[in-house]
Amino acid sequence: MRILLIHSDYLEYEVKDKALKKPEEISENQKKGRLDEVLAVFMSVEKVDEQNPEEIVEKAVKEIEEVVSQVKTNNIFVYPFAHLSSELGSPDVALRILKEIENELKNKGYNVRRAPFGYYKAFKLSCKGHPLAELSRTIVPGEAKKEEEVPEALKKEEELVSYWYILTPEGELVEVDKFDFSGYENLKKFANYEINKSRVVTEEPPHVKIMLEQELVDYEEGSDPGNLRYYPKGRLIKSLLENYVTEKLIEYGAMEVETPIMYDFEHPALEKYLNRFPARQYVVKSGDKRFFLRFAACFGQFLIKKDATISYRHLPLRMYELTRYSFRREKRGELSGLRRLRAFTMPDMHTVAKNLQQAMEEFKKQYKLSMEVLKGVGLTPKDYEVAIRFTEDFWNENKDFIVDLTRIIGKPVLIEMWKQRFFYFILKFEFNFVDNLDKAAALSTVQIDVENSQRFGITYYDEEGQEKYPLLLHCSPSGAIERVMYAILEKQAKLMKKGKKPMYPPWLSPIQVRVIPVSEKYLDYALYIAGKLEGAKIRADVDDRNERLNKKIREAEKEWIPYIIVVGENEKRMGVITVRKREDNKQYEIHVEDLIKEIKQKTEGFPYKPRPLPPLVSMRPKFRG
RNA sequence: GCCCCGGUAGCCUAGCCUGGUGGGGCGGCGGACUUGUAAUCCGCAGGCCGCGGGUUCAAAUCCCGCCCGGGGCUCCA
């Protein structure tokens, strides 16, 4: 049975002519009908339904009831509609089934009308047009199969079956439910999240509280949800992360480019690509034209590559852009703090590879690169879980290659295998962070794309001068920058739960050293010390407020400042400083030069930006009370 | 879109169930204190209790509608 459900302001019909030789007998008042605020249920009974009409009735009623409760109406219009199927059942069985559905629904207390069977009817209908207003269902005997009115791509995705395994570094491939997760609790959480995806939590994620309290990031009611506001400290952290990932990729050999953030809906190559995905774009109207805001850097880079003349000698060719921003209009209820946004910053590198062999070599290198990039922001393999996804064919031909990936990470990984390729890629990995609410979020990812070079017309010339389609690798070695911030903060929240002091990686700490004079009298010495630190490119400030020392210490601690210097009579006389170190909670009396050396050593190799706020704490506004 | 929770001063929060002129803390401002490693004391200012409607002699409180935020569902390039 096929059902089309339309939530409507009203549905009215009028009987015209007979459509069958022997239509249903009807009375005069059945020739016209109307219901307002109604769920219109158009139905076609199919041949297979004859195998088990009772079951079909039961399932159909259940489906209808479910939709009725979702759209919150009590009015149902059962409407025989042959055009939904090309394999109709016989009219008498069909009529019987429809009548039974009608009666069942009436018995359950709904206000039901049914249009007569076997006539040509004129009808008017006013669809409400909200997302649930138009649904379709297919019901078959035996096993109820659901089908929603969704883009072709999503339908295919639904049919796509995933086989889940755990692969150990020893090369053992174990079905997920047979794997012994003891010692791998985090992997278990991740696997569970990936496979079941159902969660019952009603908490604010800990990183949200931190980002607000620390005045890093805030919601912006003046924008669309999922578009955030960054205060100076948050902007500094984000900016340093952006620079860090960019530098890493350039060092790796990528060419940095910049491409537009909006694209023409009508562009042929883009159109095809876009059609694979449900409508999640921001749309910008300009005159008569419609543009969508990019949801990744693929478009811009592919369009550059399409026009470039590329020789096999240039391969692998790596191109990179940091998208500030990529836009995805995620559903309202899906947005969450820094974890999932509608506007986010995505480092996105695309590599043109000659053939599968070169693509795989690059894949492995970028896998290692991703590990290194995450390590730099304080995330080690202990902090994330690996998922590797591929087609069955790829696995059969490249087992050793995959096993080697698990050896590199040194722990079991989650495997998702597909019988056939549906996505544009044949192989993909992600590093996923599992947070305090047991939710997983993908950070690093690399994919081998076998489809888009054709779609975009990207070619290279091989040794014989032949024009060939290359493979493309998509790589984000860190994942979205906002999500890296999320992972850093969630990791600290985990530590706090265990009673440990939270800390930023030293190079990311917005203020690295706070200097506190014991009283006004020593402000000059405090400024002198801060000046020395700043001269060495260390972000230092001075708490010159007229407050108690204890209070200033407390506030510096609450800001997670790694080094707190207190100076007074002793220090000034001896030309030293007293440092309170966050990492061990101890105090040391040392020379400022030694502190500089220590901090420089800890931040070596990472980007630097100057202090994001005025040097004197007394000169700073409160951004959020 | 649907479901749940919330919206009280710049921030956090009590009061709402059981209607009777909104209370505290932080922050801000003024003053005293001149500080040695996680919150000094005193005072002052600051509110269309999200918006609109209804019930009532009387609404932050009860009812209806809307807006905004958070979480969940579905989904996720």
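Each chain gets a letter, A, B and so on, in the order the sequences are listed, and its residues count up from 1. Note that the structure is a prediction, hence the values are computed from the model and not measured.
- Taking atom P in both B/rA39 and B/rG52, one finds a spacing of 44 Å when rounded to whole Å.
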- Note on the structure: Here RNA chain B, pairs taken as Watson-Crick or G-U under 3.5 Å and shown with ( ), [ ] when crossing and | when to another strand, reads ((((((((.[[[[.)....(..]]]].(((((.......))))).....[[[[[..)....]]]]])))))))....
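- Judged by atom type and distance alone, A/R294 does not reach the base of B/rA77 through any side-chain donor-acceptor pair under 3.5 Å.
- Counting heavy atoms from C-beta outward, A/V592 and A/L533 have side chains that approach closer than 4.5 Å.
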For nucleotides 6-13 of chain B, tabulate all protein N/O to nucleotide N/O atom pairs closer than 3.5 Å, reporting atom names and distance.
unit_1: B/rC11; atom_1: O4'; unit_2: A/R624; atom_2: O; d: 3.1

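- Going from atom CZ of A/R545 over to atom C1' of B/rA39 covers 11 Å, rounded to whole Å.
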Protein and nucleotides 64-68 of chain B: nitrogen or oxygen contacts under 3.5 angstrom:
unit_1: B/rC68; atom_1: O2'; unit_2: A/E221; atom_2: OE1; d: 3.3

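- Looking at residues 548-558 of chain A, you'll see A/R548, A/L549, A/N550, A/K551, A/I553, A/R554, A/E557 sit with a heavy atom under 4.0 Å from some atom of RNA chain B.
- Pairs passing the salt bridge (charged side-chain N to carboxylate O under 4.0 Å, His left out) check and including a residue from residues 555-570 of chain A, sequence neighbours excluded, read A/K233-A/E559, A/K501-A/E557, A/R514-A/E559, A/R545-A/E555, A/E557-A/R580, A/E557-A/R582, A/E569-A/R573.
- Under the side-chain contact (heavy atoms from CB on, under 4.5 Å) criterion, A/L341 pairs with A/L228, A/F344, A/E482, sequence neighbours left out.
- A/D438 has its CG atom 16 Å from the C1' atom of B/rG71, to the nearest Å.
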- Message: Let's go through A/Y588 and A/E598 carefully: what are the C-alpha distance in whole Å and the side-chain angles of both, what is the deciding distance for side-chain hydrogen bond (donor to acceptor under 3.5 Å, both in side chains) to 0.1 Å, and is it a yes or a no?
- Response: CA-CA 13 Å; A/Y588 302 88; A/E598 178 177 332; over 6 Å; no
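- The side chain of A/K439 places an N or O atom within less than 4.0 Å of a non-bridging phosphate oxygen (OP1 or OP2) of B/rG72.
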